[in-house]
Amino acid sequence: MFERAAFLTQVSVSNAGVEFGASKIFGGITFTVGRGDRWGILGRNGSGKTTLFRLITGTHQPTEGVVTRQPGLRFGLLEQHRDFGGAKTVWEAGAGEFADLLALELSLAEQANLLSQVGESATPQMLAKYDRDLERFDREGGYTFTPRVDAVLQGLGFDAEKARTQPLEQLSGGERGRLGLARQLVSAADVLLLDEPTNHLDLETTRWLEDYLRNTDKSVLLISHDRAFLANVVDHVLHLEGGSAVAYSGSYESFVVQREERRLSQRRAYEKQRKVIADEEDYIRRNIAGQNTKQAKGRRKRLNRAPRLSSPTAEEGSALGLRLDVSARGGDQVAIARGVTLGVEGRTLISDFSATIQRGDVVGFVGPNGSGKSTFLRALMGEREVSSGELRIGGSVEASYYRQDMAQVPLDRTLYDVISDLRPQWERRMVQGHLARFGFSGDEAQRRADTLSGGERARVALAMMVLGRANFLLLDEPTNHLDIESVEALEDALAEYEGTILLVSHDRAMLEALTSRVWILHERHVTDFPGSFTEWEEQSREREHAAAVTAAERESLRRVKEHKTTKRRETEGVENRAALREVRRRVEDSEKEVAALEKKVVELTALLEDPELYTTRAGTGKSLLAGKELDEARRKLDIALEKWTAVTEQAELLSAT
């Protein structure tokens, strides 16, 4: 039993700590990674999550404690900064360590072509080299790596065929992020370490990644701020806080419950100790100079030696001090789009879109990466022209735009200057106090913005947005660089905000918590869904189910048609038999019944796949009825196909006699 447990444990971290000079990153971390475990590594930005990854892979050594690894264990580390080595094409970069096999495959094809040309003149050396290369290609997985790379690239939004020739330098930053993720997923690693893998994914590719990680036999450790993603993937959580870490077994939802229970227990213990200390200090004050001075001095000595419990609210209190106020109510029509067509470099992104955002709406704007959501926000802010139509912000509306690239943060200024420029009337202490609420205290206020990490720049951008007191917020992926606690603080602030919000995000938990409407951008068309994101997802599952059965249905019908053609040929020339004529009549009747039911299935499937069906309450009700009709039509079609199969087999027997 002991040997089996040791074999299943791939990584063991025991009382590990890391110090850089006089600065201690963390200490006392203990947990084990078993084969097939899926760990979520959580904690505030700067708590040491990436450093922990480096301890696990062995690229960094702990200052204290021990990290042990199973011999021969292979790691795949996806960091926020990607390096593709000497890869030239997208496919080569995605294939990673298998890129050599692609070169070997091409070499084998050239050798085979040469051998076919020379025929019997082939030398023993040529044949031996071909045999060696072919054996190596087979041994290293050459016959399976290509479809695996193709599947992962396709799942993460790339065209696998185009990727074979597409130059790597053509990719945007977001596309390179997705490609780095693909490279790690197809690797031969036993343990995947993923640092914010969903940052450059849209909703569709995020769901694909969830399915992939749930079904992989590799162990997974991932750093993520995406709560829905964590809830759908992890079965363990390591939470870094207060300079150490606590390991939790179970799902992300279980972690949230256990963490709250633990904090409540800590709070009670802290309050109890505070009361004991207060009572002891009171006794010492009253008796230090009296008859009981000896006892008072003894108690003081014990009290000075006793370890103090830290307040659990200290960690909680370091969350963003975020409150979003509005300076004015604003007009009822906040944003208006009439027949808007929007394009970039000759490519149409959005076609003939009309909608109005009303005061108080929270509109979630979703769609694939690169489809035009950010371009639409820039056009709404007047930063680019529309191709046709009218797109504008309403009267008496003050808009504040949170950019995905956070370009609103001036990189050549100190943080103090950034805030002071927005509030020139503020005294120094007020500027510093505002920055402190966003995690920048003391000398950090004098840092230049170009020295900040992504998470730090995101906090500065939020600090600037708060000062705007706008009544219309345009938010483009505001959670991308925030930790979970900051995301939750932002979500709470947005929930209490009295203005109007247009939110571009792939954070499903935030979309589910906030939205009252959803815009869905797909193939240049925007569907305006008059319901929450949760309701939209329910309708999407209906459409996905309809689409999933369509392929199987078509394949079944194709086989039927091929079978019908074959059977017709087999029964020709024997029509003079009375029995066969009767069977043929029944075959024809069955074919007509199958054809009618085929048509009905196709029509109902097309109806359920239409996004416009789900934009009204009446349409939603219609979809439920259509879904029931589709199930009944499929049931009848199955019966009809069985009947048709029976009579055609009977016709086959008669034609053979």
Nearest 0.5 angstrom please: [X] [atom1] to [Y] [atom2], how far?
| X | Y | atom1 | atom2 | answer |
| --- | --- | --- | --- | --- |
| Gln166 | Leu171 | CD | CG | 5.5 Å |
| Leu193 | Leu77 | CG | CG | 5.5 Å |
| Leu42 | Ile223 | CG | CD1 | 9.5 Å |
| Ser371 | Leu349 | OG | CG | 7.5 Å |
| Ile41 | Leu238 | CD1 | CG | 4.5 Å |
| Leu73 | Gln10 | CG | CD | 5.0 Å |

Hey, are [Y] and [X] close enough side-chain-wise for a donor-acceptor pair under 3.5 Å?
| X | Y | result |
| --- | --- | --- |
| Trp39 | Asp235 | no |
| His200 | Glu175 | no |
| Thr63 | Glu19 | no |
| Glu261 | Ser265 | no |

Phe158 six-ring centre to Arg178 NZ/CZ under 6.0 Å and within 45° of normal | yes

Side-chain ion pair, Arg517 and Glu535, N-O less than 4.0 Å |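 No salt bridge links Arg517 with Glu535.
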
NZ/NE/NH1/NH2 to OD/OE distance under 4.0 Å, Asp133 and Arg136 | no

From the options Leu179, Asp159, Leu185, select the one residue that forms a side chain to side chain contact (heavy atoms under 4.5 Å, CB included) with Leu153.
->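 Of Leu179, Asp159, Leu185, side chain to side chain contact (heavy atoms under 4.5 Å, CB included) with Leu153 is met by Leu179 alone.
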
Keeping the roles fixed (side chain from [X], backbone from [Y]), state whether a donor-acceptor pair exists under 3.5 Å.
| X | Y | value |
| --- | --- | --- |
| Glu92 | Lys88 | yes |
| Thr527 | Phe529 | no |
| Thr216 | Leu213 | no |
| Gln258 | Ser249 | yes |
| Lys373 | Pro368 | yes |
| His481 | Glu456 | no |
| Ser12 | Phe31 | no |
| Thr9 | Val11 | no |
| Arg214 | Asn232 | yes |
| Ser251 | Ala231 | no |

Using every non-hydrogen atom in the two residues, find where [X] and [Y] come nearest and quote the distance to one decimal.
| X | Y | answer |
| --- | --- | --- |
| Gly157 | Thr205 | N-CG2, 3.9 Å |
| Val13 | Ala16 | CG1-CB, 3.5 Å |
| Phe75 | Ala189 | C-CB, 3.6 Å |
| Arg459 | Leu482 | CG-CD2, 4.4 Å |
| Ser219 | Gly36 | OG-N, 2.9 Å |
| Ser47 | Phe26 | O-CD2, 3.8 Å |

So, for Phe255 and His239, is the gap between ring centers shorter than 6.0 Å?
-> yes

State yes or no: are the ring centers of His60 and Phe20 separated by less than 6.0 Å?
->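 Yes.
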
Yes or no on side chain to side chain contact (heavy atoms under 4.5 Å, CB included) for Val152 and Tyr212, after CA distance, side-chain angles and deciding distance?
-> CA-CA 9 Å; Val152 171; Tyr212 185 94; 4.0 Å; yes

Evaluate the salt bridge (charged side-chain N to carboxylate O under 4.0 Å, His left out) criterion for residues Asp476 and Arg378: first the C-alpha distance (whole Å), next the side-chain angles of each, then the deciding distance (0.1 Å), finally the verdict.
-> CA-CA 10 Å; Asp476 193 355; Arg378 288 196 293 272; 5.6 Å; no

If we only count heavy atoms from C-beta on, is the [X] to [Y] side-chain gap below 4.5 Å?
| X | Y | answer |
| --- | --- | --- |
| Val233 | Tyr252 | no |
| Val504 | Leu377 | yes |
| Thr89 | Thr165 | no |
| Met510 | Leu503 | yes |
| Asp37 | Leu221 | no |
| His225 | Asn199 | yes |
| Leu194 | Leu181 | yes |
| Arg227 | Val487 | yes |

Arg139 atom CZ, neighbour heavy-atom count above 12 within 6.0 Å | yes

Quick check: are there more than 12 heavy atoms from other residues, nucleotides or ligands sitting under 6.0 Å from CZ of Arg164?
->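 Yes, because the 6.0 Å sphere around CZ of Arg164 holds more than 12 heavy atoms from other groups.
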
Take Asn15 and Val66, measure what side chain to side chain contact (heavy atoms under 4.5 Å, CB included) needs, and give me the verdict at the end.
-> CA-CA 7 Å; Asn15 203 35; Val66 178; over 6 Å; no

Taking only residues two or more places apart in sequence or in another chain, which ones pass side chain to side chain contact (heavy atoms under 4.5 Å, CB included) with Glu512?
->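 Testing Glu512 for side chain to side chain contact (heavy atoms under 4.5 Å, CB included), a comparison that skips the adjacent residues, returns Arg508, Phe533, Thr534, Glu537.
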
Given Arg259, Arg44, Lys49, Arg263, the one that forms salt bridge (charged side-chain N to carboxylate O under 4.0 Å, His left out) with Glu241 | Arg263

Would Leu473 and Tyr402 satisfy side chain to side chain contact (heavy atoms under 4.5 Å, CB included), going step by step from the backbone distance to the final call?
-> CA-CA 8 Å; Leu473 301 181; Tyr402 183 102; over 6 Å; no

Could you go through the side chain to side chain contact (heavy atoms under 4.5 Å, CB included) check for Val366 and Trp519 one step at a time?
-> CA-CA 6 Å; Val366 300; Trp519 289 354; over 6 Å; no

